Chemist: 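Encoded as structure tokens, here's the structure I'll be asking about.
On a predicted model such as this, the values are computed, not experimentally measured, just so you know.
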Amino acid sequence: MSVSLPVREPDVTVIVIVYNDAGRLARAVRSVLAQSLAGVEVVIVDDASTDATPRVAARLAAGRPDRVRVITLPENSGGCGRPRNAGMEQARGRYVMFLDSDDTLDPHACRNLVSTAEETGAELVSGRCVRVLPEREQNWYPSLYRESRVVTNILDEPDLLYDTLSTNKCYRRDFLEREGLLFVDRLHYEDLLFSAQAYVSARKIAIIPHRVYNWLIVPRGETLSITHRRAELRNFADRLEIHRRIDATFRIRGAEELAKHKNVKFVNHDLLLYLRELRSRDPDYREAFLELAQGYLATMDTAVFEECNPMAAIAGFLVGQGDLDGAIAAADRAPRRDVPPTLSIAPVERDGLIYWSEAFLDTAPGRRILDVTDLGIHSVPLEHLRLGGRLTAMRTEGHELSLTGDFINPLGRIGAATELTGRLEIRDRRRKGRAFRVPVTLRHEGDRIGWQARFAPVRRIRPIGLVDQTWGLWLCVDVGEETVVVRLTSTGTAHKGVEVPVRPRLTRIVGDRLEAYVADSGELAFRIVGRSLPARAVLPLIRDVARTGLGVRFWRSLIRAEKALRRRLTGRATKIAVFNRVLVRLPVRKGTVVFESHLGAQYSDNPKYVHLELRRRGTSYRAIWSYDQSRRGFPKDAVLVKRGSWAYYRALARAEFWVDNQGFPAGLTKRRQTTYIQTWHGSAYKRMGFDEPSVKQGTRAEHVRRRTMAGRFDHFVVRSEHDVRTLAGGLGVTAPPLRAGYPRNDPLVSGGDPEELAELRRRLGLDGDARTVVLYAPTFRADEEGRPVARFEAPFDLERFARELGDSHVLLIRAHYLSTAVVPPGLRGTVVDVGGVHDVTPLLLLADALVTDYSSVMFDYALRDRPMIFYTPDGDDYALRRGAYFDLAAHAPGPIVADEDGLFAALADLDRVHRDHADRRRLFTERFGEYDTGTAAKAIVERFFTGGGRD
């Protein structure tokens, strides 16, 4: 008699849904069968595929009948909801997971998720999802998955609503059955509703930082998944319906605050996805989109906008008001976090504030939401702005292409008398750095700048043809010493139907025409198309092959190989290796000096004043200055090389002298024929280098790197014995101290150039102004992750300063050079951002008083024997965190105040401050500036450069 043994209940059932994906299904299933947790079964749900998927699924089930089952739906559902529900009906595991056929699980996903559920008793466990692109990987909402934790109520951590995926999660099956959780059918974005219902229903949620899910992103040419077909209006309508159902779920459960948080996420994320692609949509789509969006936004409390990211709030508000153009402009991505987004509409100034647009300023919500003063559009350097331009006409004349357009002139900052030059850049949209350039003509047209270009693409544009099939159009406009980048788009029909011949390097079989179009990002672009008989026959085959699993892998490997080769040829490591093995064998050019200040950020500090002394003496030395990003502010009579370029390394290899104030690149071996004069950039109050706690705790390799860099110095400039005791040891300097004083402080002793100071006063709008000039110059500030604070905000009320002291004082704000200060335009004339002045020395000469905290300018300004105030609201915390070489309270040459009232009281009575601290200033200068006698630059030049010159 046979005995039936009970079938062991699997630990996990992974439901793999598939439709017409025969090429990738096996890979997804194998990732489940290869799990390190043995008790995992697979339920494949075939949504009525019409390709070879049923055969692949049957083969997989036949190969592992104990672990793989197949369910075939009788007709296609058109979505993911019904297949997943069918899989849940057949699930036998204690836990349930979901996997799409084009993705994979991490080998330890099930083990990590299930073990966490068992340890914590969680009904839902969520792990880290990684988006795997051909060129790189991206963590999905990484901030949510930095550490393990247990959440007993979604209200305690509502940010989890940003992760709406159902696939990176493990659910207890009895939890799903108890709550009756199913995916909605016949609506896209079923994940959003299911995840929201699961989050709000679970009694305990666990989060783990482990990688569990690989979301494999195929190249852009691949057929888009259902939820990525945002060009279909139903896609947006379904998303809104899903959000309405989520709202209803939260109302039923009494979680209105959660609904508000979800709506913030809708404005910050969901709405922006569609707005950013609207430039490529036709007018009918836009009109229907606006009607749908307005209907849903009308259900929201306007308080939602107060919690949103500023630009997302503007976009959502303007959609609600029916201003689609303004909303699209606000939805544009910023190139960096610390600069404004693309400006494709003109901001306005009203009552001392800057607004995104002039419409809707007649209401309090409009003025509050549209206020973009803090973005600094009115004050940040033009080169930090990215402008939005438009194409107004595109036509072909034979093989030539003529383009005409314009772009905004934000707040009239590009003066009508400014000479403009520029070029059209046709950039490879996939591979950074590759571009073809065409000159353009520019002209002022009221509040806009017009541009025009004419060229023959067949001669100017030579793509390879396979890996570079799309090209974006950008303008680079030189405004004085600044370069402004303009992103071009076309919202009309100017580009429609325009095609021009092209000759790809990979033969015309891969395409023979360039077609103009607007990408989903809104970028005006060209794409290669085939119109000849060979191209029409071959190009589709090439693209079809590229979309198969093998083709995708080939595409990825090709892109990776090319990037790896470019990195090897142009990367920093390669350049340093070539420098050390090849370039240092070139003959030294006698009489050449490479100068650098703050890693190429400025023409300033001690190197500048050594250079000025060389120039004043009329020596024949050849000055080469490095610049990091912009040439703005650098001398026109010097050779400029971009930091990190081949020209930069070649100049360093052949220079007779290196002069800088921070450090030339690590890894470079200085040759014996080159003399390295390290001037540094200030005496030290804060502990430096090896004296810093964080550096002391660093690795041995880091310590070796620091000592090697300092070991290259031949001479180390100091301004006092304090520098010898602190800086030299802290930085690991072994070179003899050069007791000359700081060249940058020579003008502070001598009084400087009166004409230069008069010009600076005119530049800052202070010509003829008799008010007391106060310079506020704080030290470097970093965020929680140690990065420079991009947007500096004064730690005291600027409006109060203007109100109480503006009649008698003017405040100059000089943030650290790694930060940008934003001053409201309403305070113009009373509070002035002077961050654009490269060199702080003229500002110290101009100032009647200095406000600082722990900045090294305290040592320099003391030479002026003028009032100094130390505003240190974070004094104790800062000193404990960083450490200091001396007690500031015992030696400060001015009052130390920790609150705003004390600061304003001291500023109101500067005569008393000057009088009461006269002796302390004298002692401070004697101790920390004993070698600053006004002759430092002269002494350095006479010692090292007298009699030299070019050979």
Side-chain angles (χ1 to χ4, degrees), residues 8-18 24-45 60-61 63-64 66-69 84 87-88 91-133 136-151 160 163-176 191 195 198-199 202 204-217 549 553 556:
R8 183 179 180 273
E9 179 184 64
D11 291 313
V12 184
T13 296
V14 178
I15 299 166
V16 182
I17 62 171
V18 60
R24 295 179 292 192
L25 175 61
R27 179 185 62 189
V29 172
R30 282 196 299 268
S31 77
V32 181
L33 298 177
Q35 288 294 299
S36 58
L37 182 68
V40 181
E41 71 164 358
V42 182
V43 174
I44 301 172
V45 184
L60 291 167
R64 292 301 302 267
D66 57 326
R67 296 185 63 187
V68 180
R69 291 179 286 146
R84 286 176 178 159
M88 282 194 284
R92 298 181 306 185
R94 293 181 298 120
Y95 295 90
V96 175
M97 293 177 62
F98 303 101
L99 173 64
D100 292 342
S101 62
D102 53 349
D103 299 329
T104 63
L105 293 182
D106 181 83
H108 305 293
C110 293
R111 178 179 296 278
N112 288 329
L113 291 166
V114 169
S115 63
T116 301
E118 297 291 289
E119 292 169 7
T120 63
E123 296 177 322
L124 185 164
V125 183
S126 188
R128 182 163 53 91
C129 170
V130 178
R131 301 176 78 240
V132 182
L133 290 88
R136 64 191 187 283
E137 293 186 346
Q138 294 175 334
N139 287 316
W140 178 254
Y141 287 106
S143 61
L144 298 178
Y145 293 96
R146 286 183 178 145
E147 59 185 8
S148 297
R149 61 199 183 281
V150 175
V151 179
L160 288 175
D163 179 11
T164 56
L165 300 178
S166 65
T167 49
N168 61 332
K169 299 172 178 62
C170 178
Y171 312 84
R172 289 184 185 268
R173 182 157 60 89
D174 57 6
F175 159 64
L176 298 177
D191 267 16
S195 296
Y199 279 139
K204 191 178 287 187
I205 302 167
I207 307 297
I208 61 174
H210 305 84
R211 179 176 184 153
V212 299
Y213 196 85
N214 301 309
W215 181 359
L216 307 180
I217 309 298
R553 289 193 294 273
R556 289 175 180 158

Chemist: Has the side chain of N168 got a donor or acceptor atom that lies under 3.5 Å from a matching backbone atom of G127?
Modeler: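 Checking the backbone N and O of G127 against the side chain of N168, a donor-acceptor pair under 3.5 Å is found.
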
Chemist: Test side chain to side chain contact (heavy atoms under 4.5 Å, CB included) on V68 and L33 and set out the steps.
Modeler: CA-CA 9 Å; V68 180; L33 298 177; 3.9 Å; yes

Chemist: Nearest 0.5 Å please: distance from the CG atom of L113 over to the OH atom of Y213.
Modeler: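 If we round to the nearest 0.5 Å, L113:CG and Y213:OH are 12.5 Å apart.
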
Chemist: Determine, stepwise, if the pair D102 / L216 fulfils side chain to side chain contact (heavy atoms under 4.5 Å, CB included).
Modeler: CA-CA 7 Å; D102 53 349; L216 307 180; 5.8 Å; no

Chemist: Can you check side chain to side chain contact (heavy atoms under 4.5 Å, CB included) on R64 and V42, steps first, answer last?
Modeler: CA-CA 10 Å; R64 292 301 302 267; V42 182; over 6 Å; no

Chemist: To the nearest 0.5 Å, what is the distance between CZ on R69 and CD on E41?
Modeler: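 Rounded to the nearest 0.5 Å, the CZ-CD separation comes out at 4.5 Å.
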
Chemist: Okay, side chain of Q35, backbone of R111: is any donor-acceptor separation there less than 3.5 Å?
Modeler: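 Checked: no pair found.
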
Chemist: Do D100 and I17 touch side chain to side chain, with heavy atoms closer than 4.5 Å?
Modeler: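 Yes - at least one pair of side-chain heavy atoms lies under 4.5 Å apart.
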
Chemist: Taking V150's backbone N and O only, do any of them form a donor-acceptor pair with K204's side chain (distance below 3.5 Å, no angle check)?
Modeler: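 Checked: no pair found.
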
Chemist: Does any N or O in the side chain of R94 come within less than 3.5 Å of the main-chain N or O of V114, such that one atom is a donor and the other an acceptor?
Modeler: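 Checking the backbone N and O of V114 against the side chain of R94, no donor-acceptor pair under 3.5 Å is found.
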
Chemist: With rounding to the nearest 0.5 angstrom, report the CG to CG distance, L99 to L25.
Modeler: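 With rounding to 0.5 Å, CG (L99) is 9.0 Å from CG (L25).
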
Chemist: Is there a donor-acceptor contact under 3.5 Å from the side chain of R24 to the main chain of D103?
Modeler: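 Side chain of R24 to backbone of D103: no pair is present.
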
Chemist: Measuring from T116:OG1 to I208:CD1, what's the distance to the nearest 0.5 Å?
Modeler: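 With rounding to 0.5 Å, OG1 (T116) is 4.5 Å from CD1 (I208).
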
Chemist: Can you check whether G93's main-chain N or O pairs, donor with acceptor, with T13's side chain at less than 3.5 Å?
Modeler: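 Between the backbone of G93 and the side chain of T13 there is a qualifying donor-acceptor contact (under 3.5 Å).
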
Chemist: Using modelled atom types only, decide if a donor and an acceptor are shared between the side chain of R92 and the backbone of P10 within a distance under 3.5 Å.
Modeler: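 Looks like no, no N/O pair under 3.5 Å.
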
Chemist: State the CD1-CZ distance between I15 and R84, to the nearest 0.5 angstrom.
Modeler: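 One finds 9.0 Å between CD1 of I15 and CZ of R84.
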
Chemist: Can you list the residues that meet the side chain to side chain contact (heavy atoms under 4.5 Å, CB included) rule with R149, with sequence neighbours excluded?
Modeler: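 Counting only residues at least two positions away or on another chain, R149 forms a side chain to side chain contact (heavy atoms under 4.5 Å, CB included) with L144, E147, E157, L160, I207.
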
Chemist: With Y95, which residues qualify under ring pair (Phe, Tyr, Trp, His ring centres under 6.0 Å), at least two apart?
Modeler: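 With neighbours one apart ignored, the set is empty.
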
Chemist: Under 3.5 Å, side chain of R128 to main-chain N/O of Y145, donor-acceptor pair present?
Modeler: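 The answer is no, because no donor-acceptor pair under 3.5 Å joins these two groups.
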
Chemist: Measuring from W215:CH2 to E137:CD, what's the distance to the nearest 0.5 Å?
Modeler: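 W215 CH2 to E137 CD: 14.0 Å, rounded to 0.5 Å.
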
Chemist: If only side-chain N and O atoms count, and only distance matters, is there a donor-acceptor pair under 3.5 Å linking T164 with D191?
Modeler: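 No, no side-chain donor-acceptor contact under 3.5 Å.
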
Chemist: Could you give me the CA-CA distance, side-chain angles and deciding distance for C129 and T167, then say whether side chain to side chain contact (heavy atoms under 4.5 Å, CB included) is met?
Modeler: CA-CA 9 Å; C129 170; T167 49; 5.9 Å; no

